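Given the structure is predicted, the values throughout are model-derived calculations rather than measurements.
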Amino acid sequence: AMAQQTSRFAFTPIQAYGDGTVHVPEGYSWKILTRWGDPLFSDAPAFDPKKGVPAAGSDRVFGENTDGMELFNIGGHEVLAVNSEYVNNEVNLPHAAEGVPASADDVRTLQNLQGVTVMEIAEGQDGWSIVKDSPYNRRITNNTPMTIDGPAAGHDLMKTTADSTGMSSLGTFNNCGSGRTPWGTYLTCEENFNGYFGATGSLPADEKVAAGYKRYGINEKGAGYNYHAFDERFDVSKHPNEPHRAGYIVEIDPSKPDSTPVKRTALGRFKHENAASVVAPDGRVVVYMGDDERGEFMYKWVSRHIYVPGGETTTLLTDGTLFAAKFNDDMTGEWLPLTPESTGMTAAEIAIFTRTAASKAGATTMDRPEWVAVNPVAIEAYCCLTNNSRRGAKADDGNIRANAGGDAMAVNAVNPRETNNYGQIVRWRPENQDHAAAKFAWDLYVMAGNPQVHPDSPYAGTPNINTGNMFNSPDGMVIDSTGLIWIQTDGEDSNEGDYAGMGNNQMLAGDPVTGEIHRFLTGPKGAEVTGLCWSSDRRTMFVGIQHPSAPFPDGEGNLPRSSIIAIKREDNALVG
């Protein structure tokens, strides 16, 4: 008789690798779907393997540094929406000294290669590729017109010289993780938006604005994009409210290429990692979100109205309540409502200065909440707490290090390790099997670590970590239709010291019931593995490879290119 299959894993785990390419298990293969600079339209400029993409037409190609993505089947067409989180200046502007933009053209190139790509893809004899000139193909950049919706819309803090109404803005920024709504739209999440702004003069004196700048990290220098030198909109000494118009979740309808993306300010302004949606038993829409900065918070949105398939959806991300998470040391937790009553702030102020509202409510400082994933086959959700080197550490004044709002980052049950360089994944189960409930029970699904370097220590990780599946900095996370948890890493790939034996960044699969974790994929040196979705027939898995080192994937002497790969089983069976 045949032995009965008892493991949930359909693959043999692979070893760690430290080389310049992608590895997948025996019986699986991978191919490039697309790379930075590949054309979406016939009129797109050709990619130059030494010089990259010219300024003219840089908004007609696939963007750089691919991150979160979702696949939509629209009338039988496979349409992929993909974030381009940021740009590596030196890679995109190889002609510029140290990658510092020296002209308006340089800035425009960088602005065009970020944001979102919506594109139709199809499978042919040679695998998957972009359907060039598809009516669904679209680039959404740092300059695309957006509608501002929700409590912050029209508020004085949102008004600028160019937009006296505070109701429309240009561009989406630092698009990190993603999400999808039950009604088939794409949610792109603005994360480190602060780095695009700088100042040629003095920073604003207004107390509220200045406090917001401090909490969100807006300063004179920015992050090296140098937009403010050539595009006045990003000069906060001239346009102090412009940063208030970034840091949101943006809803995009991939089925309507002419639609205007909508910034949903009700879901809060912070460094959004991703957005995980689920419909509660009573039909209300719940969206879980993480704020990816050391000592910041986890959030949840609960709509006021219910989702009716085919019905009106315009209020579902506008009317409702935003909550921040409090994790108690007794393995219980609660969602604290962020309302004018609980914070002493107006609804618009809560939407614009959400971090301040969550601090006032008493939320728990976390180890950089990144992707949240909701289990489709059990009433539970998970969040990757990627790392926090400052947890429990002392500042110069002798006090425990704090976040930018002054909330101490002391060790607590859900973030139990000082100077946590490995990260952990928290799981919570809402009360009464209801994601809209105010209370939950939690545990740690895994603490990453290195049992080889730190045996019998908290830094060895939990018992489900062994020398064969070690990783650090869990970041991306998606739970497939069968309930397997796919974990992607964005950590240290030195493969030495504390990280010996971990190799390059990777993707692992976890069984939520047994806790087992097996390594499925390793990325090329230098890359983060991020973004995961499946073709409609579940026979292809799409995975993002962000900021690889040269020469991936084009070979020696060529610029490195962020890419999306398509993974299949050689027997063409389901992969998730």
- Message: Going by the rule salt bridge (charged side-chain N to carboxylate O under 4.0 Å, His left out), which residues pair with R180 if we only count those two or more places apart in sequence or in a different chain?
- Response: E70
- Query: Does one side chain, of S473 or N387, offer a donor that lies under 3.5 Å from an acceptor on the other?
  - Reply: yes
- Is any side-chain heavy atom of K271 closer than 4.5 Å to a side-chain heavy atom of R355? yes
- Query: Under 3.5 Å, is there a donor-acceptor pair linking the side chains of N175 and E190?
  - Reply: no
- Item | V285 side chain reached by W183 side chain, heavy atoms, under 4.5 Å | yes
- Query: Does R215 come within less than 4.0 Å of E296, counting only side-chain N to carboxylate O?
  - Reply: yes
- Message: Can you list everything that forms a salt bridge (charged side-chain N to carboxylate O under 4.0 Å, His left out) with R269? Sequence neighbours excluded, please.
- Response: none
- Message: Do Q111 and D231 pair up side chain to side chain, a donor and an acceptor below 3.5 Å, judged on atom types alone?
- Response: yes
- Do H435 and Y288 have ring centres separated by under 6.0 Å? yes
- Item | Under 3.5 Å donor-acceptor, R139 side chain and Q114 backbone | yes
- Message: Is there a side-chain contact between I350 and P151 in this structure, where contact means two heavy atoms from C-beta onward sitting under 4.5 Å apart?
- Response: no
- Item | Side-chain touch R245/D163, heavy atoms, less than 4.5 angstrom | yes
- Query: Heavy atoms, side chains only, cut-off 4.5 Å: are T364 and N412 in contact?
  - Reply: yes
- Task: Could you tell me whether D105 and R108 make a salt bridge, using a distance below 4.0 angstrom between a side-chain N and a carboxylate O?
- Result: no
- Query: With no hydrogens and no angle check, is any side-chain donor or acceptor of N142 less than 3.5 Å from a backbone partner on T172?
  - Reply: yes
- Is it the case that D475 and T386 place a side-chain donor and acceptor less than 3.5 Å from each other? no
- Message: Counting only heavy atoms from other residues, nucleotides and ligands, does the tally under 6.0 Å from NZ of K439 exceed 12?
- Response: no
- Query: Counting N and O atoms only, with roles assigned by atom type, does the side chain of Q488 sit under 3.5 Å from a partner on the main chain of G531, one being a donor and the other an acceptor?
  - Reply: yes
- Task: Over 60° means perpendicular and under 30° means parallel, so classify the ring planes of W442 and F327, tilted if in between.
- Result: perpendicular
- Does a donor on one side chain and an acceptor on the other come within less than 3.5 Å for N83 and Y186? yes
- Item | Side chains of W428 and V372 in contact at under 4.5 Å (non-hydrogen atoms) | yes
- Query: T109 and V53: which non-hydrogen atoms are nearest, and at how many Å?
  - Reply: CG2-O, 4.0 Å
- Check for a donor-acceptor pair, side chain of N415 on one end and backbone N or O of D367 on the other, with a separation under 3.5 Å. yes
- Query: Do the ring centers of F72 and H77 come within less than 6.0 Å of each other?
  - Reply: no
- Message: Just checking R427: does its CZ atom have more than 12 heavy atoms from other residues, nucleotides or ligands closer to it than 6.0 angstrom?
- Response: yes
- Item | Working for ring-ring contact (aromatic ring centres under 6.0 Å, His included), residues Y196 and F234 | CA-CA 7 Å; Y196 298 90; F234 296 89; 7.3 Å; no
- Message: When you compare the side chains of S562 and N65, does any donor N or O come within less than 3.5 Å of an acceptor on the partner?
- Response: yes
- Side chains of N403 and F297: does their closest heavy-atom pair fall under 4.5 Å? yes
- Message: Take a 6.0 Å sphere around CG of D397 and say whether it holds more than 12 heavy atoms from other residues, nucleotides or ligands.
- Response: yes
- Item | Donor-acceptor side-chain pairing of D253 and S259 below 3.5 angstrom | no
- Task: Determine whether N194 and N219 make a side-chain contact, defined as any pair of heavy atoms from C-beta on separated by less than 4.5 Å.
- Result: no
- Which heavy-atom pair separates G247 from F193 by the least distance, and what is that distance? CA-CD2, 3.3 Å
- Message: Side chains of N388 and R401 only: does a donor on one sit below 3.5 Å from an acceptor on the other?
- Response: no
- Task: Taking side-chain hydrogen bond (donor to acceptor under 3.5 Å, both in side chains) as the test, write out the residues that go with S84, two or more places apart.
- Result: none
